[in-house]
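Worksheet: one structure, shown below.
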Amino acid sequence: MLELYNTATRQQQPFEPADGKTARVYSCGPTVYDFPHIGNLRTFVLSDILCRYLAFKGWKVHHVMNITDVDDKTINGALTQGVSLSEYTQQYTEYFFEDLKTLNIQLAWKYPRATEHISQMQALIQTLLDKGHAYERDGSVYFDISSFPDYGKLSGVHAPRMTQCSFSRLDDEYDREEVGDFVLWKAAKPDEPFWDSPWGPGRPGWHIECSAMSMEYLGPTLDIHTGAVDLIFPHHENEIAQSEAATGQQFVRFWVHGEHLIVDGEKMSKSLGNFYTLRDLVEQGHRPQAIRHQLLTAHYRQQLNFTLEGLEQSERAMQRLNTFIERLPRLPLPKGSSAEAIQLIEEAHSKFEQVMDDDLNVPGALGVVFDLIKDINTLIDAGELRDRDRTAVLNFLEQADSVLGLMTEQLEAAKSEPVLAEEIEALIAERAQARANKDFARADEIRDQLAAEGIILEDTPQGTIWRRK
Ligand code: AMP
Ligand code: ZN
């Protein structure tokens, strides 16, 4: 049974969708004011892995991720570039989707944009006003945290201090020390885009976005809400207050928070200037597959220290994996299956699920995959692997990859390529004949000719196999 660590209860708990069928998952998405850095992408890879694994467990998944396309940063960006807000955010939204594709992140069910849900946000704010949880001041609307006794239950922000607190915060982001009534609707400032509202022209606060859009698509109670740890306070605390004050129902059953990607002990962030974008790394020649692997090398609740050396290790790990997948279909194997291989593969299946059930232990799952590859290579070298074992290994890798998303292309290629291309096969046979005749000049010529075409020959105990460089 799948267990997830729940920030709300500070415990690892068995998870099942509330209705037993469909997991309703909401993830705080990107603010589209710049390229995501790979710290942001680590968090998006976490929700990807989570949703892939929920599907692996047989549930239907409704995953919603918002696009924050109106806030201080997007507005400033548009003003600086002298373009409209929508023009400005549209380009970064496109880059965001390109990055998802590059990293083989599966698309969510819905990506609602904040600017397309202003009326839902206004309706929610009106409900909070009607129920006495919010008040209006100078054209802005604030949430009154003293009206919600549970305030602080997620983050542990100390409750007694808050009741004494009577000031109102206009900024969306602030520290624990600055806890106060937070803004739901911001009165328009000169030069800023605005929407009409019952409280005058303005725009929504950041927190209300997520409450309104998650409820719109997933209902009042979410099975799982994800984000990185920096969002626990104030963003998620405020989401709970707004949502539960409005509906009177539990907002989120499981809070899943990912730890940060760090550089030299500090959080990777735009403001510190210590960041890499995916594009930077790809331009430097790093394979997206290796970058994804690197993001998966630490458990999601552990910080991941990003280094280029770490990325190099991932490159080598992926090279091993790719070579294995490429080589396997072309091995001339005897018919049948071997008891040893079947046992190894069955154990890999059950261990994979066991570690993933344990709060998504992805490093453990990677260990299962790489251990199996090592063991199967040993069997190949000993001439003990049979053709039915090969099918079983590929089947295991495919199932593991439906969760890990690391070798999708390679497995596709392994399936679609003819097991042994005839032309190459004929040359390999000719080379074997030449060697038998001690015509090493011709044998080498054939090897060189194939090498020039990007085909590498490898002599194994079972005969010669080939792979692409
Ligand atoms: P943003 O686009 O700034 O709204 O952030 C998108 C997501 O990335 C949020 O869930 C952030 O909490 C998360 N995030 C920001 N910095 C990091 C980091 N260094 N490591 C992991 N996640 C991060
Ligand atoms: Zn959010």
Side-chain angles (χ1 to χ4, degrees), residues 27-49 65-81 83 85-108 111 113-114 173 206 226-231 258-298 300 302-315 317-318 362 404-406 408-409:
S27 302
C28 292
T31 307
V32 282
Y33 74 105
D34 204 342
F35 295 101
H37 59 63
I38 54 162
N40 302 133
L41 290 167
R42 180 188 188 200
T43 299
F44 302 139
V45 168
L46 161 62
S47 52
D48 181 41
I49 292 278
M65 179 179 278
N66 67 302
I67 307 274
T68 299
D69 60 355
V70 53
D71 79 324
D72 293 342
K73 291 180 205 150
T74 45
I75 290 172
N76 286 339
L79 282 175
T80 314
Q81 274 195 13
V83 295
L85 180 64
S86 62
E87 226 177 306
Y88 182 77
T89 56
Q90 183 55 32
Q91 57 182 336
Y92 288 107
T93 306
E94 280 165 24
Y95 296 142
F96 165 71
F97 282 111
E98 282 172 23
D99 283 2
L100 295 189
K101 187 150 189 260
T102 306
L103 274 186
N104 199 20
I105 292 176
Q106 279 182 350
L107 286 184
Y111 289 97
R113 286 168 167 77
E173 290 177 74
W206 173 37
T226 78
V229 287
D230 58 310
L231 298 188
E259 255 299 346
H260 282 146
L261 184 113
I262 57 165
V263 187
D264 298 329
E266 286 196 281
K267 175 186 164 191
M268 179 174 283
S269 76
K270 294 273 157 58
S271 53
L272 292 172
N274 60 351
F275 65 93
Y276 285 101
T277 66
L278 186 57
R279 276 140 225 270
D280 294 338
L281 295 173
V282 171
E283 264 168 35
Q284 287 170 19
H286 295 287
R287 271 181 295 184
Q289 188 195 16
I291 300 168
R292 182 172 170 106
H293 178 265
Q294 185 56 29
L295 295 178
L296 294 178
T297 51
Y300 79 90
Q302 305 283 327
Q303 291 188 335
L304 172 65
N305 190 25
F306 183 81
T307 61
L308 290 176
E309 295 81 69
L311 190 51
E312 284 305 327
Q313 281 170 19
S314 288
E315 294 279 358
M318 289 301 95
V362 174
L404 300 172
L406 273 181
T408 319
E409 239 176 71

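Worth knowing before you read on, the calculation uses all heavy atoms, side chains too, and leaves out hydrogens, waters and symmetry mates.
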Notebook entry, point to check: Hey, does Met318 have a side-chain heavy atom less than 4.5 Å from the side chain of Gln294?
Noted result: no

Checklist line | Heavy-atom closest contact (Leu231 atom, Cys28 atom, distance) | finding: CD1-CB, 3.7 Å

Next item on the list: Consider only side-chain N and O atoms of Glu87 and Gln91, and report whether a donor and an acceptor are under 3.5 Å apart.
Entry: no

Checklist line | Nearest heavy atoms of Pro288 and Val282, plus distance in Å | finding: CG-CG2, 4.2 Å

Next item on the list: Output, in order, the C-alpha distance, side-chain angles, deciding distance and verdict of side-chain hydrogen bond (donor to acceptor under 3.5 Å, both in side chains) for Gln313 and Glu309.
Entry: CA-CA 6 Å; Gln313 281 170 19; Glu309 295 81 69; over 6 Å; no

Item checked: Lys267 to Phe275 six-membered ring, cation-pi geometry met (6.0 Å, 45°) -> no

Next item on the list: Please find out if less than 6.0 Å separates the ring center of Tyr111 from that of Phe97.
Entry: yes

Notebook entry, point to check: Do Asp71 and Thr74 pass the side-chain hydrogen bond (donor to acceptor under 3.5 Å, both in side chains) test, and can you show the C-alpha distance, the side-chain angles, and the key distance before you say yes or no?
Noted result: CA-CA 6 Å; Asp71 79 324; Thr74 45; 2.7 Å; yes

Next item on the list: Taking all heavy atoms of Thr297 and all of Ser314, pick out the closest pair and write down the distance.
Entry: CG2-OG, 4.4 Å

Check: With a 4.5 Å heavy-atom cut-off, do Phe306 and Leu311 have their side chains touching?
Finding: yes

Note to self: Which heavy atom of Ala317 sits nearest to which heavy atom of His293, and what is that distance?
What the structure shows: CB-CE1, 4.0 Å

Note to self: What I'd like to find out is whether the side chain of Ile291 reaches to under 4.5 Å of the side chain of Tyr276, using heavy atoms alone.
What the structure shows: no

Check: Is the closest side-chain heavy-atom distance between Pro36 and Leu278 below 4.5 Å?
Finding: no

Check: Do you know the tightest heavy-atom contact between Ser47 and Thr226?
Finding: CB-OG1, 3.8 Å

Check: Any donor-acceptor pair under 3.5 Å linking the side chain of His260 with the backbone of Ile262?
Finding: no

Notebook entry, point to check: Hey, what do you get for CG (Leu404) to CG (Asn104), rounding to the nearest 0.5 Å?
Noted result: 10.5 Å

Next item on the list: Check whether any side-chain N or O of Glu315 sits under 3.5 Å from a backbone N or O of Arg287 as a donor-acceptor pair, and report yes or no.
Entry: yes

Margin query: Can you confirm whether the side chains of Asp99 and Thr102 place a donor and an acceptor under 3.5 Å from each other?
Written below: no

Checklist line | Ionic contact status for Arg42 with Glu259, cut-off 4.0 Å | finding: no

Checklist line | Residue that, paired with Thr31, satisfies side-chain contact (heavy atoms from CB on, under 4.5 Å) out of Val70, Thr89, Asp69, Thr68 | finding: Thr68

Item checked: Among Leu103, Leu261, Thr277, Leu304, the one residue meeting side-chain contact (heavy atoms from CB on, under 4.5 Å) with Ile38 -> Leu261

Next item on the list: Can you see which heavy atom on Asp264 is nearest to which on Asn305, and at what distance?
Entry: N-OD1, 3.6 Å

Next item on the list: Look up atom CG in Leu100 and atom CG in Leu41, then write down how far apart they are to the nearest 0.5 Å.
Entry: 7.5 Å

Notebook entry, point to check: Charged N to carboxylate O below 4.0 Å: is that the case for Arg292 and Asp48?
Noted result: yes

Notebook entry, point to check: Taking the side chain as C-beta and beyond, is there a heavy-atom pair between Phe96 and Phe44 under 4.5 Å?
Noted result: yes

Check: Taking side chain as C-beta onward, heavy atoms only, is Leu107 less than 4.5 Å from Lys101?
Finding: no

Notebook entry, point to check: So do Tyr33 and Asn76 actually touch side chain to side chain, heavy atoms under 4.5 Å?
Noted result: no

Check: Are there more than 12 heavy atoms of other residues, nucleotides or ligands under 6.0 Å from atom CD of Glu312?
Finding: yes

Item checked: Reported CG-to-CD distance for the pair Leu85 and Gln90, which is rounded to 0.5 angstrom -> 11.0 Å

Notebook entry, point to check: How about Tyr92 and Tyr88: are their ring centroids closer than 6.0 Å?
Noted result: yes

